[in-house]
Every structure is written in C-alpha cells, then in structure tokens.
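Position 1 is the first residue of the sequence; numbering continues from there.
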Amino acid sequence: MPADNATNNDQAKDESDSTKNPAGGSIFNGGKDYAASAERAAQGISDNTPGTGTGDWDEENETVSGSASAYVHKLESGREPWLMRQTAHGALDVMGGFLAPFFQGVQKTADEQLKVSSDPKTTSDMASAAKGTAYQKVKEDGVKIEREDRPTIDKETQDALKKAHYRTEGAFLVCKFGAKAYDVALDPSGHKAYVVTDDGALYGVDLTTGVKRKVITSEALGATRGVAVDTNNKAYVTDFGGKRLLQVDLSTGETQVILKDVTAQGIGLDGNGKAYITDAGTAELFEVDLKKKEKKSIIGELGEQASGVALVLDENGKAQKAYTGHWWAAGDLFEIDLTAATPTKQPVTKADYSPDVAVDGAGTAYVCDHSADILYKVDLKSRKRREAVKSAAGAFSPFGIALDTDNGVAYVCTYEGQLWRFSLSTLQSPELIEIVTT
C-alpha cells in the first residue's frame with residue numbers, strides 16, 4: 001500500500017476512534033472526552049493563527065520586534081471595552097477567553113456528574129433531599145382542592161351508573177338491624193327504603209351508602225307489621241297490637257292516627273290518596289280514604305292471618321288488582337279484581353306463611369315464605385311458582401319485599417334483621433340464587 005494512503009487511513013481510523021465513547025457507554029466519560037478534543041482543537045487553531053505569538057515595539061530601532069501580527073493584536077486589545085471587535089484578532093480573544101475555558105468547564109462538570117452517578121449513596125441522598133423538600137413544601141403550604149376543581153358527575157349519569165350496577169350485582173346485603181325486620185317500603189325517588197322492626201321502630205335507609213337512621217316519632221308505633229310511603233313524604237304504618245293505622249311525617253316525625261279498631265297487617269297505596277289494608281282478625285281487605293280517615297270493606301274470606309297487599313295500578317294510579325298472603329298461617333296467594341262492580345278473588349298458587357307479596361306489573365309476583373326460608377317467583381299467567389332465593393348457609397326468612405322496577409331491583413327484609421337487594425334480571429333467570437347470611 002502506498003505510504004500516503006496508509007497515513008490517510010490511519011488518520012481516518014484515529015478520527016473514527018476519537019468519536020467512540022471511551023467509557024464503555026458512560027455519557028459522562030463520553031462528554032468529557034468530546035470536550036477535551038474540542039479544547040485541543042481550539043488551542044491548535046489559536047497556536048497556528050497569525051497574531052497569536054508575541055510582538056513588541058522597539059523604540060530604539062523604531063520597528064516591531066517579534067510578530068508584527070501579534071503586536072497589532074496587542075494594540076487592538078487595548079481599545080475601549082465597548083468597541084465592537086470585528087477583526088480576526090478579536091475572534092482570537094473570544095477563542096482564548098471563552099471557548100477554551102468553556103470546554104474546560106464541560107470536562108469538569110462531566111467529572112463531577114460521573115462521580116455522582118457512580119456513587120449510589122450520593123444519588124440516593126440527592127433523591128431523598130428532593131423528596132424531603134417537596135414534602136416540606138406541601139406540609140407548609142398545604143394542599144387545598146376547591147369545590148369547583150373537584151370532578152363531578154351529573155345526576156342523569158349517576159342514576160344510569162347506579163342502575164347498571166344494581167342490575168349486575170346479583171345479591172347484596174344493604175344493612176342489618178338489631179331486631180326482626182317485618183316490612184320494607186321505598187320512597188318514590190328510589191333513594192331510600194323504610195323498614196319497620198318488631199320493637200316498634202321505623203328506620204330510613206340510604207340505599208347508596210347503607211346508612212340507617214331511626215325515625216323519631218311523636219307517638220309510639222306499637223306492634224308494627226306493615227309500612228308504605230307516599231309521594232308527600234308520609235309513611236303509613238300498621239300497628240297490629242294497637243289495632244291502628246298510623247301516619248308519620250318523615251320530615252318532622254309527627255305521628256297521627258288514621259284508623260282505629262282494625263287489626264291491620266299488610267298495606268299498599270294507590271296514586272289517589274287511598275290505602276288498601278288487610279285485617280288479620282276479620283280476614284278482610286279494606287279501602288281507606290286517607291284524607292277522610294274512612295274505610296270500607298272490599299272483600300272478605302281471605303284466609304287466616306290475611307296479610308301482605310300488592311297492588312297493580314293503571315296509568316292514573318287507580319288500583320286494578322290486589323294480591324294478598326298470610327302472615328303466620330298456611331293458605332293461598334289470592335288475586336282480587338278491584339275493577340268489578342263486586343270485587344272477586346281467586347287463588348293463584350300456594351302461599352304458606354307469606355307475610356308480604358310484591359308484583360312487577362308485568363305478570364310476575366314475588367312471595368315471601370318465612371317458614372321455608374324461601375323467596376318464590378310466581379308466573380301469574382301460568383300460576384306456576386319456583387324458588388328464586390334461598391340460603392346456602394345461615395338463616396334467610398323473608399318477611400317484607402318492595403320492588404324498584406325503574407332501577408331493576410327488589411329489596412327484601414328478613415326475620416333475622418337484614419335488608420337485601422336483589423337484581424330483578426337475576427331473579428328472572430331460571431337459576432336459583434343461593435346466599436350466605438352468616
């Protein structure tokens with residue numbers, strides 16, 4: 001190979017090698033090496049540029065001794081600082097006064113960074129210090145999120161999410177009571193349930209949180225059996241032992257007697273200010289005008305311990321049919337036609353020990369059987385019933401039931417003092433729901 005080509009190839013190799021990272025991948029060593037190369041290049045330019053040597057004025061011979069270019073550079077350097085340097089000599093000052101020190105600074109910084117990165121303790125200390133500073137800043141200044149900064153969901157979206165959740169949850173224990181829970185009713189909004197217990201208490205239950213609060217009434221409610229709630233925030237409670245029908249203002253707790261001398265158990269409300277109650281003593285179904293506080297008999301011979309009133313209403317809120325069961329006795333589920341001039345009844349299916357009944361208005365009834373510990377589903381057209389819910393472990397004695405068809409759920413209270421929520425879509429499936437209540 002010719003000597004010139006060999007020299008050129010070696011030079012190219014050296015230049016190629018000079019771009020490689022001598023630290024085996026360390027960006028700090030690499031940065032340091034590149035800065036050193038740049039500094040050497042700057043120094044080389046300075047050394048080989050006219051005006052970079054030494055030159056002085058010789059007074060005796062009236063001439064320049066040394067480099068004339070260097071002498072001119074020296075003269076230019078003495079100009080006023082504010083004058084613009086536009087000569088090559090000015091550029092040399094920039095190179096000597098800025099570039100070389102700059103590249104020296106880069107090398108020093110790279111050395112320091114390499115030292116820090118190679119020492120885990122130093123890096124950890126730096127991170128800890130930053131964390132501590134941030135924590136102290138938050139601690140001193142505090143963090144406050146204004147109401148307008150908080151994320152919000154409109155009511156329509158909230159209701160849609162709740163409905164979707166309810167329809168897919170299957171079975172859910174909402175809350176427990178310290179006494180037997182005899183009946184449950186829902187307020188029209190579907191946000192609260194009202195439950196009466198065997199110790200004469202009325203509870204309001206937030207169905208979103210499960211929090212329950214006892215309603216403080218102005219008069220004792222007695223031996224409570226049934227409860228219903230109207231659109232005016234009034235609850236109607238049957239007092240079996242005191243033979244009364246009571247009205248409770250849910251806003252104030254004020255209580256008044258609507259009827260006396262009626263052994264009332266089950267109760268249902270229409271949309272026109274009327275209540276329908278079963279009398280366990282006379283086995284009758286009564287219609288009660290809540291405003292006039294008057295009652296009239298609709299039909300009798302409903303069997304022993306007549307209880308549980310479920311109504312089917314028309315679009316105007318008028319009762320079309322009623323379904324009744326039996327509190328603590330064997331008997332049938334009766335369907336009563338309220339539209340006939342003389343109301344009639346017919347048995348639908350067996351409904352032993354069925355203190356409460358609910359209907360969905362679409363041909364299905366749900367019947368509580370607290371003796372067999374089963375919630376039954378009844379097809380009102382075929383008159384067939386099947387088990388819908390029972391316990392796999394622990395007691396489940398359903399006493400009261402209320403349907404929220406808008407949200408697709410049923411609420412069931414039990415002799416064991418529990419309030420359950422069941423998805424109607426799950427109840428409508430052919431499979432049996434088995435729950436654990438212990």
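For Lys234, the salt bridge (charged side-chain N to carboxylate O under 4.0 Å, His left out) partners two or more places apart in sequence, or in a different chain, are Asp249. Residues passing the salt bridge (charged side-chain N to carboxylate O under 4.0 Å, His left out) test with Lys296, sequence neighbours excluded: Glu287. Every residue two or more places apart in sequence or in another chain that forms a salt bridge (charged side-chain N to carboxylate O under 4.0 Å, His left out) with Asp198 is listed here: Lys180. Take Glu294 and apply the salt bridge (charged side-chain N to carboxylate O under 4.0 Å, His left out) test, not counting sequence neighbours, and it matches no residue. Residues passing the side chain to side chain donor-acceptor pair (under 3.5 Å) test with Lys293 are Gln256, sequence neighbours excluded. Residues satisfying the ring-ring contact (aromatic ring centres under 6.0 Å, His included) criterion with Phe240, sequence neighbours excluded, are absent altogether. Evaluation of the ring-ring contact (aromatic ring centres under 6.0 Å, His included) rule for Phe286 yields no partner, not counting sequence neighbours.
Residue pairs meeting the salt bridge (charged side-chain N to carboxylate O under 4.0 Å, His left out) criterion with at least one partner in residues 270-286, sequence neighbours excluded, are absent. Within the structure, no pair that satisfies the ring pair (Phe, Tyr, Trp, His ring centres under 6.0 Å) test touches residues 297-319, not counting sequence neighbours. Sorted by first and then second residue, the salt bridge (charged side-chain N to carboxylate O under 4.0 Å, His left out) pairs involving residues 235-246 (not counting sequence neighbours) are Glu219-Arg244, Asp239-Arg244.
The main-chain N or O of Val409 is never found under 3.5 Å from a side-chain atom of Asn407 such that the two would form a donor-acceptor pair. With Lys212 contributing its side chain and Lys176 its backbone, the two residues share a donor-acceptor pair below 3.5 Å. A donor-acceptor contact shorter than 3.5 Å links the side chain of Thr224 to the backbone of Thr197. A donor-acceptor pair under 3.5 Å is absent between the side-chain atoms of Thr278 and the main chain of Leu285, judged by distance alone.
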Practice prompt. Go through the steps to decide whether Lys321 and Ile336 satisfy the test side chain to side chain contact (heavy atoms under 4.5 Å, CB included), and finish with yes or no.
Written response: CA-CA 5 Å; Lys321 291 181 179 181; Ile336 303 165; over 6 Å; no
Practice prompt. Output, in order, the C-alpha distance, side-chain angles, deciding distance and verdict of side chain to side chain contact (heavy atoms under 4.5 Å, CB included) for Val227 and Val195.
Written response: CA-CA 7 Å; Val227 61; Val195 176; over 6 Å; no
Discussion item. What verdict does the side-chain hydrogen bond (donor to acceptor under 3.5 Å, both in side chains) test give for Asp369 and Ser371, after you've listed the backbone C-alpha separation in whole Å, the side-chain angles of each residue and the deciding distance to 0.1 Å?
Written reply: CA-CA 6 Å; Asp369 184 339; Ser371 178; 4.7 Å; no
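At least one cation-pi condition fails for Lys377 and Tyr366: the charged atom is not both under 6.0 angstrom from the six-membered ring centre and inside a 45 degree cone around its axis.
Under the 30°/60° scheme for interplanar angles, the aromatic rings of Tyr415 and Tyr182 are found to be tilted. Aromatic ring orientation, Tyr203 versus Phe177: tilted (interplanar angle from 30° to 60°).
The two residues Asp314 and Asn316 have their closest heavy-atom pair at OD1-N, 2.8 Å.
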Please set out all donor-acceptor pairs under 3.5 angstrom arising from side-chain atoms of residues 347-363, sequence neighbours excluded.
from   : atom 1 : to     : atom 2 : distance (Å)
Lys350 : NZ     : Asp352 : OD2    : 3.3
Asp352 : OD1    : Gly331 : N      : 2.9
Ser354 : OG     : His326 : N      : 3.0
Ser354 : OG     : Ala351 : O      : 2.7
Asp356 : OD2    : Ile401 : N      : 2.9
Asp360 : OD1    : Ala362 : N      : 2.7
Asp360 : OD1    : Gly363 : N      : 3.4
Asp360 : OD1    : Thr364 : N      : 3.1

Extract all donor-acceptor atom pairs below 3.5 Å that involve side chains of residues 257-267 and protein atoms in other chains or at least two apart in sequence.
from   : atom 1 : to     : atom 2 : distance (Å)
Gln265 : OE1    : Arg225 : NH1    : 2.4
Gln265 : NE2    : Ala306 : O      : 3.1

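Counting heavy atoms of neighbouring residues, nucleotides and ligands inside a 6.0 Å radius, atom NZ of Lys345 exceeds 12 of them.
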